[in-house]
J.: 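To start, I am sharing the structure in question, which I have written as structure tokens.
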Amino acid sequence: MSPSSQIIIKKRFNDLRNEVIEKYLCPTHGVELVLKQKNAADVLLDLYFLGCPMWNGTDTGCNFVMKIKSAAQLASLLEAATGRGIL
């Protein structure tokens, strides 16, 4: 993936950060997952993840997370949230 493509994808994901992503549910609570961003990451695929909104940020509550491991998952998340894939 080219550096310019990564910048575009990061901008689109930053616009969606903390938004509910339909079609992805917490297996414990049955609620839609929320797009989150890690504080530090080396690569684009390690920067974002989906987490249960029942987690309160202090290591209590539901700690279910779904890692984003491929460009196909990035495209699927963008499609689910915006109706458009990566490009």
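All of these numbers come straight from a predicted model, not from anything done at the bench. Numbering starts at 1 and runs along the sequence shown.
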J.: Quick one: list whatever passes side chain to side chain donor-acceptor pair (under 3.5 Å) with Glu19, sequence neighbours left out.
T.: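 Glu19: no side chain to side chain donor-acceptor pair (under 3.5 Å) contacts found.
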J.: So Phe64 and Leu50, do their side chains get closer than 4.5 Å, heavy atoms only?
T.: no
J.: To the nearest 0.5 angstrom, please state how far the CD1 atom of Ile9 sits from the CG atom of Asn14.
T.: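 Ile9 atom CD1 to Asn14 atom CG measures 12.0 Å (nearest 0.5 Å).
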J.: Other than Val34, which residues form its hydrophobic cluster under the rule that side-chain heavy atoms must be closer than 4.5 Å?
T.: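 So far as hydrophobic clustering goes, Val34 is joined with Val20.
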J.: Under the side-chain contact (heavy atoms from CB on, under 4.5 Å) criterion, do Asn63 and Cys52 qualify, and how do the steps go?
T.: CA-CA 7 Å; Asn63 61 357; Cys52 180; over 6 Å; no
J.: Please list, chain by chain and in numerical order, all residues satisfying salt bridge (charged side-chain N to carboxylate O under 4.0 Å, His left out) with Lys11, sequence neighbours excluded.
T.: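 By the salt bridge (charged side-chain N to carboxylate O under 4.0 Å, His left out) rule, Lys11 matches Asp15.
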J.: Are side-chain heavy atoms of Leu74 and Leu44 found at a separation under 4.5 Å?
T.: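 A side-chain contact under 4.5 Å exists here.
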J.: Which residues pass the side chain to side chain donor-acceptor pair (under 3.5 Å) test with Thr82, sequence neighbours left out?
T.: Arg12
J.: Applying side-chain hydrogen bond (donor to acceptor under 3.5 Å, both in side chains) as the test, list every pair that has at least one member in residues 65-79; sequence neighbours left out.
T.: Tyr24-Ser76
J.: With rounding to the nearest 0.5 Å, note down the distance linking CG in Leu33 to NZ in Lys23.
T.: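 Answer rounded to 0.5 Å: 14.0 Å.
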J.: Test of understanding: with side chain to side chain donor-acceptor pair (under 3.5 Å), list the residues that count as partners of Lys38, not counting sequence neighbours.
T.: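 In terms of side chain to side chain donor-acceptor pair (under 3.5 Å), with neighbours along the sequence ignored, Lys38 is linked to Asp46.
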J.: Restricting to ring-ring contact (aromatic ring centres under 6.0 Å, His included), what partner residues turn up for Phe49, sequence neighbours left out?
T.: none
J.: Other than Val31, what residues sit in its cluster of Ile, Leu, Val, Met, Phe, Trp and Tyr side chains whose heavy atoms are under 4.5 Å apart, directly or through others?
T.: Met54
J.: Is there a side-chain contact between Leu25 and Glu32, using heavy atoms and a 4.5 Å cut-off?
T.: yes
